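Predicted model, so just to flag it, every value in this text is computed and none were measured.
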Amino acid sequence: MRRIFVGLAILLVAACAAYFALGLGSSAEEASENPTQSAAVLPPVKARQVIVADAKIVPAKNAGLSFASPGIISRVYVTEGDSVEEGQLLAKMNSDKQLASVAQAQAELDRAQAYLRQLRAGSRPQEIEALQAALDIAKAKLHSATVAGPALELTIAEAEVRKIRAQLDLANEGTRPEAIAVAAAEVSAAAAALEQARALLAETELRAPFTGVIASLDANSGEYVTTGEVVLVLADTNAWHIEVEDLTELSVIHVNEGDQARFTVDAIPDLELSGTVSNIKLLGVNRVGDITYTATILPEKQDPRFRWNMTTSVTLNRSAKDEIN
């Protein structure tokens, strides 16, 4: 009897399993025959993609200044942190040789200009009278030499008469245009030489190319410096930019000038500012095996706590063109 109950139980379980299997198969078949009754599949939501990069704060304008020629620094007029105006003298070299060259060139120019004025003015009446008197004396000497003088004295007297007569003729006729042209050319050459001497003198001086602050100074009186050696760094700290240097070639193609960005400053954790990409350099550089590009971001606001080379983290929204595509 017990075996019968066990057999009936087994048959009942098998029947239930078959029923459910048939039901599931039928449902799957109906779903395949009626696709409209299946659940709708939604497309994945495209998240807004951003680019995060490291950056640093830099002055909007800065320059490392150096002398154009080698020499010994004679005086430094500024110290680090000083505010200077455009054109202000910052440092100078020993310039005795250059000053002497300027003085010599100035004297040569003055001489050439005076001679040109003399030619243009022509001979004065007093000069003509003096030449006429000299000619009369030369003629008298020639007459004496002709009467009783030796042959050599006669030859000298004739030559003197011819020379003074020629000078008198020129004085009466006035200066020829050709002579004036030559003198004018000499004035131009002397003026060019003076400008060159002044340029060499200017190379011994270091002046501020723009208004700013002395950010770094590495120059002392008595030191010898070479051409191109940076002796001080000048920065305009009234405006700061954010400079991103590690945009890879895979990232830079998604960034355009005018894109919006946000950045935080590591040293100022409570500060978060926005800005606009103002420039992207065309030339990439090799950094540790990656080609990277530099982008400049113009902050919408400045902060008095900014310092040169402070590190920042920049979040760049990918260009709207990329989102459309």
Cluster link [X] to [Y], ILVMFWY, side chain under 4.5 Å:
| X | Y | result |
| --- | --- | --- |
| Trp308 | Leu234 | no |
| Val225 | Val233 | no |
| Val213 | Trp240 | no |
| Val230 | Leu90 | no |
| Ile253 | Val277 | yes |

**Report entry** Full working for side-chain contact (heavy atoms from CB on, under 4.5 Å) between Asp54 and Val244
**Finding:** CA-CA 6 Å; Asp54 294 328; Val244 184; over 6 Å; no
Can you tell me how far apart [atom1] ([X]) and [atom2] ([Y]) are? Round to the nearest 0.5 Å.
| X | Y | atom1 | atom2 | answer |
| --- | --- | --- | --- | --- |
| Leu135 | Arg162 | CG | CZ | 12.5 Å |
| Lys139 | Glu158 | NZ | CD | 13.5 Å |
| Leu316 | Phe263 | CG | CZ | 11.5 Å |

Query - Residues forming a side chain to side chain donor-acceptor pair (under 3.5 Å) with Asp246, sequence neighbours excluded - result: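 Checked Asp246 against side chain to side chain donor-acceptor pair (under 3.5 Å); zero matches.
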Requested in this report: Under the side chain to side chain donor-acceptor pair (under 3.5 Å) rule, collect the residues that match up with Ser274, sequence neighbours excluded.
Outcome: Glu300
Could you pull out all residues at least two apart from [X] that satisfy salt bridge (Lys or Arg N to Asp or Glu O under 4.0 Å)?
| X | answer |
| --- | --- |
| Arg305 | Asp270, Asp303 |
| Glu272 | Arg262 |
| Glu243 | none |
| Lys163 | Glu160 |

Query raised in the report: So is Lys92 actually on top of Tyr77's ring, under 6.0 Å and inside 45° of the axis?
Result: no
Query raised in the report: Rest of the hydrophobic cluster containing Ile72 (Ile/Leu/Val/Met/Phe/Trp/Tyr, side-chain heavy atoms under 4.5 Å)?
Result: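 Ile72 clusters with Tyr224.
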Query raised in the report: Linking Ile, Leu, Val, Met, Phe, Trp and Tyr through side-chain heavy atoms less than 4.5 Å apart, which residues share a cluster with Leu298?
Result: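 Besides Leu298, the cluster holds no residue at all.
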Scan the side chains in residues 199-209 for donor-acceptor partners under 3.5 Å anywhere in the protein, sequence neighbours excluded, and list what turns up.
from, atom 1, to, atom 2, distance (Å)
Thr204, OG1, Leu201, O, 2.5
Glu205, OE1, Arg207, NE, 3.3
Glu205, OE1, Arg207, NH2, 3.2
Arg207, NH1, Gly87, O, 3.1

Less than 4.5 Å apart, any side-chain heavy atom of [X] and any of [Y]?
| X | Y | answer |
| --- | --- | --- |
| Val187 | Leu109 | yes |
| Val76 | Leu217 | yes |
| Phe306 | Val265 | yes |

Sequence neighbours left out, cut at 3.5 Å: what donor-acceptor pairs do the side chains of residues 278-289 make with other protein atoms?
from, atom 1, to, atom 2, distance (Å)
Ser278, OG, Thr296, O, 3.2
Asn286, OD1, Gly289, N, 3.1
Arg287, NH1, Glu245, O, 2.8
Arg287, NH1, Thr292, OG1, 2.9

Query raised in the report: Between Thr264 and Thr312, does a side-chain contact (heavy atoms from CB on, under 4.5 Å) hold up when you go through it step by step?
Result: CA-CA 5 Å; Thr264 57; Thr312 69; 6.0 Å; no
Requested in this report: Kindly state each residue pair satisfying side-chain hydrogen bond (donor to acceptor under 3.5 Å, both in side chains) with at least one member in residues 179-190, sequence neighbours excluded.
Outcome: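 Matches after skipping sequence neighbours: none remain.
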Query - Thr211 side-chain N/O to Glu86 backbone N/O, donor-acceptor pair under 3.5 Å - result: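 Yes, because the side chain of Thr211 sits within donor-acceptor range (under 3.5 Å) of the backbone of Glu86.
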**Report entry** Residues Asp266 and Thr311: side-chain donor-acceptor under 3.5 angstrom
**Finding:** yes
Query raised in the report: Hey, mind stepping through Val52 and Ser313 against side-chain contact (heavy atoms from CB on, under 4.5 Å) and telling me if it holds?
Result: CA-CA 7 Å; Val52 179; Ser313 179; 3.9 Å; yes
Please tabulate, for side-chain N and O atoms in residues 97-107, each donor-acceptor pair with protein atoms closer than 3.5 Å (sequence neighbours left out).
from, atom 1, to, atom 2, distance (Å)
Ser101, OG, Lys97, O, 3.1
Gln106, OE1, Arg198, NH2, 3.3
Gln106, NE2, Asp110, OD1, 3.1

